[in-house]
There are 2 protein chains.
Amino acid sequence: MTEALKVFDDRDVAQSLAERARQGDIRAVARLLTIAEQDPASLEGVAGLREIPSDAQVIGITGPPGAGKSTLIGALVTELRTHDHRIGVLAVDPSSPLTAGALLGDRIRMQSHAHDDGVFIRSLASRGQLGGVSAVTPLAIRILLATGHHRVVVETVGVGQSEVEIAQLADTTVVVMAPGLGDGVQAGKAGLMEVADIYVVNKADRDGATEVRRQLQSMISWGRARGPGDWRRPIVMTTSTTGDGVEALADEARRHHVWLRASGSTERRTARAMAELEAAMLQPVSARLATARADGTYDALITEIVAGQLDGWTAAKALRDDASMH
Amino acid sequence: MTEALKVFDDRDVAQSLAERARQGDIRAVARLLTIAEQDPASLEGVAGLREIPSDAQVIGITGPPGAGKSTLIGALVTELRTHDHRIGVLAVDPSSPLTAGALLGDRIRMQSHAHDDGVFIRSLASRGQLGGVSAVTPLAIRILLATGHHRVVVETVGVGQSEVEIAQLADTTVVVMAPGLGDGVQAGKAGLMEVADIYVVNKADRDGATEVRRQLQSMISWGRARGPGDWRRPIVMTTSTTGDGVEALADEARRHHVWLRASGSTERRTARAMAELEAAMLQPVSARLATARADGTYDALITEIVAGQLDGWTAAKALRDDASMH
């Protein structure tokens with residue numbers, strides 16, 4: 001009885017948080033994201049998170065470290081805000097544990113938007129997560145979309161597989177390059193290049209920016225990086241520190257969104273739905289393992305397995321049974 | 001009552017299969033692996049899978065496509081069998097779906113050992129699995145070790161992250177190179193090179209084999225690919241089609257095993273235990289998603305999410321509730 005009551009209470013709380021989040025309460029949004037990370041079962045059946053506005057757009061921004069993505073996103077958010085959209089920003093940081101770098105990054109990025117209730121910014125740690133970049137990312141996107149953030153910007157460092165995963169979640173994927181990052185383009189980070197709907201050459205005021213643009217143009221012209229359908233991938237030159245070119249980037253993102261909606265394709269929303277369902281299936285497991293790591297249960301079980309006193313299935317059952325008793 | 005009875009029955013069956021598998025019944029081993037893939041909950045609390053012989057060894061064999069790994073493993077198994085070990089072989093194939101390439105590969109590889117009850121061979125598909133190369137691999141290794149296979153050989157194609165994951169599961173990791181595979185060594189597949197405990201240059205009778213060996217030696221000498229502790233990584237030249245060098249490889253694998261046990265380090269067994277627990281937590285989710293994909297439930301849920309009638313958490317709850325009713 002007690003347990004059933006608790007579950008009901010949690011869901012009630014989540015429902016009311018969703019309501020407040022939709023009305024623009026930033027703390028309610030933050031609380032929902034924390035619940036998604038730590039206690040996802042509370043969000044099952046919460047009606048207020050079901051619908052996503054049909055004009056919403058998820059913009060993925062990726063590129064190699066040092067391309068200036070965070071500053072660019074700061075400038076882009078300012079630009080998008082002039083159209084009075086509520087904006088959500090998620091920074092998926094593959095190197096930071098849940099508590100350290102992520103929060104610091106938030107504080108730095110938050111500065112220019114700290115007093116703007118129309119902008120919600122959150123970092124999601126990904127190290128140690130099951131199932132890729134950050135298992136919670138598709139669910140965090142869902143929360144932001146369902147609570148009235150018409151534009152959600154997801155930043156990820158373009159290394160390994162993360163850029164491909166982000167492209168599966170985004171309506172519009174922006175790949176940011178910059179001069180002086182070594183032979184990033186030529187070295188054939190093909191995966192990174194091919195997911196782009198829009199290319200940005202950031203730090204356009206620096207030596208070598210024109211050369212990076214030239215390389216991109218040549219890639220596009222020999223067909224290696226063509227877009228789907230009849231979308232011609234534009235190259236936008238930006239200097240995010242001065243804001244030059246950021247309006248053009250916002251325009252291209254809008255143009256791509258209009259093109260995508262006109263095409264009638266549900267391909268990207270379907271990919272996002274699949275990632276979301278998988279994440280929702282995985283997240284309770286991930287959360288359970290995180291709790292067990294924190295309270296020492298995990299280490300104790302591993303020691304028993306190593307000692308030949310326990311197998312993985314029985315240890316997993318112990319973790320699940322233990323969780324359901326709380 | 002019916003459900004509880006069914007669970008009890010399943011566990012009883014698994015217990016009896018484990019008993020028969022330990023006595024050398026190859027079909028019982030096969031059945032256990034299938035249960036691990038499809039109905040992992042039945043293995044929770046099965047006492048017969050708890051203990052692993054302390055002298056068991058997991059040998060990971062990885063390398064680029066075309067290096068001749070499968071033929072080499074066939075010859076190595078023949079060699080290991082002369083010491084009267086029961087041998088398990090797992091081929092993790094990242095490109096094959098569960099039903100197609102895997103089974104074909106089994107049949108080809110089985111030929112020379114088809115009538116030897118001391119050798120168990122199985123392919124594990126990995127595409128579409130949650131959580132990396134093949135979520136079931138650590139559990140399949142556990143089953144083989146616990147049922148008396150003193151040597152378990154795990155083959156994987158060394159592309160992407162799979163070689164690193166296999167190195168986490170193996171006591172001894174063998175990286176197989178061969179001449180004529182392009183500039184495989186120099187191109188700095190550093191991840192692949194650094195996980196090795198033993199290097200093999202296969203196809204040693206071909207032009208260029210000495211050059212591949214020279215490159216490996218130079219890498220080792222400038223320290224890029226040193227082993228842990230005082231283990232000097234050997235380079236073994238093999239021609240697996242004739243069997244030349246295979247005995248030397250088996251000797252080096254034994255020598256590494258002796259060294260590892262003498263070192264008293266539990267690092268590798270701990271890494272394997274962690275992978276096993278994670279796999280056991282993930283596997284029911286993976287199996288549930290596979291069933292839902294097969295029976296159409298998955299597509300129906302995705303369609304509802306795309307249409308804005310459902311969110312990921314509620315869809316996940318529906319999948320879990322539905323599963324517990326069967």
Side-chain angles (χ1 to χ4, degrees), chain A residues 14 36 40-54 130-132 138-139 142-143 146 160-161 266 269-270 272-286 288-289 292 298 301-321, chain B residues 14 36 40-54 130-132 138-139 142-143 146 160-161 266 269-270 272-286 288-289 292 298 301-321:
Chain A
S42 304
L43 299 175
E44 292 168 0
V46 172
L49 297 175
R50 198 163 296 161
E51 264 180 82
I52 290 178
S54 62
L130 298 169
L139 300 166
R142 143 80 55 180
I143 288 174
Q161 284 301 300
T266 56
R269 289 171 67 193
T270 302
R272 189 153 71 225
M274 290 166 76
E276 184 184 337
L277 177 53
E278 196 166 291
M281 292 291 283
L282 275 177
Q283 196 57 23
V285 175
S286 205
R288 183 66 193 97
L289 281 170
Y298 180 84
L301 291 172
I302 294 300
T303 304
E304 282 193 70
I305 295 175
V306 170
Q309 296 157 356
L310 196 63
D311 60 76
W313 301 283
T314 311
K317 178 175 159 56
L319 281 183
R320 279 192 294 262
D321 289 352
Chain B
S42 304
L43 300 176
E44 292 169 0
V46 172
L49 297 175
R50 197 164 296 161
E51 265 180 81
I52 289 177
S54 62
L130 297 170
L139 300 167
R142 143 80 55 181
I143 287 173
Q161 284 301 300
T266 56
R269 288 171 67 192
T270 302
R272 189 155 69 225
M274 291 166 75
E276 184 184 336
L277 177 53
E278 195 166 290
M281 294 289 284
L282 275 177
Q283 196 57 23
V285 175
S286 204
R288 183 66 193 96
L289 281 170
Y298 180 84
L301 291 171
I302 295 299
T303 304
E304 282 191 67
I305 295 176
V306 171
Q309 295 157 356
L310 196 63
D311 60 76
W313 300 284
T314 311
K317 180 175 158 52
L319 280 186
R320 280 191 294 262
D321 290 352

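Keep in mind it's a predicted model, so treat the numbers as computed, not measured. Lettering follows sequence order; numbering is per chain, from 1.
Atom CD1 of A:Ile302 sits about 12.5 Å away from atom CZ of B:Arg269, to the nearest 0.5 Å. With rounding to the nearest 0.5 angstrom, the CG atom of A:Asp311 is 8.0 Å from the CG atom of B:Leu43. Between atom CZ of residue B:Arg272 and atom CD1 of residue A:Ile305 there is a gap of 11.5 Å, rounded to the nearest 0.5 Å.
No part of B:Glu304 comes within reach of chain A, as not one of its non-hydrogen atoms sits under 4.5 angstrom from that chain. For a residue to count as touching a neighbouring chain, one of its non-hydrogen atoms must lie under 4.5 Å from one of that chain's; by this rule A:Arg142 touches chain B with the side chain only. Looking at B:Leu49, the atoms closer than 4.5 Å to chain A (heavy atoms on both sides) sit in the backbone and in the side chain alike. With a 4.5 angstrom heavy-atom cutoff, A:Pro284 touches chain B only via side-chain atoms. With a threshold of 4.5 angstrom between heavy atoms, A:Leu310 approaches chain B through N, CA, C or O but not through any side-chain atom.
By the 4.5 Å heavy-atom criterion applied to side chains, B:Trp313 and A:Val46 are not counted as neighbours.
Nearest heavy atom pair, residue A:Arg50 against residue B:Gln309, reads CD-O, 3.0 Å. Considering all non-hydrogen atoms of both residues, A:Gly312 and B:Ala280 come closest at O-CB, 3.3 Å.
Of the listed residues (A:Ala36, A:Ala315, A:Gly45, A:Ala307), the one with the most heavy-atom contacts under 4.5 Å to chain B is A:Gly45. For the options A:Leu301, A:Thr266, A:Thr303, A:Leu277, heavy-atom pairs under 4.5 Å to chain B are most numerous at A:Leu277.
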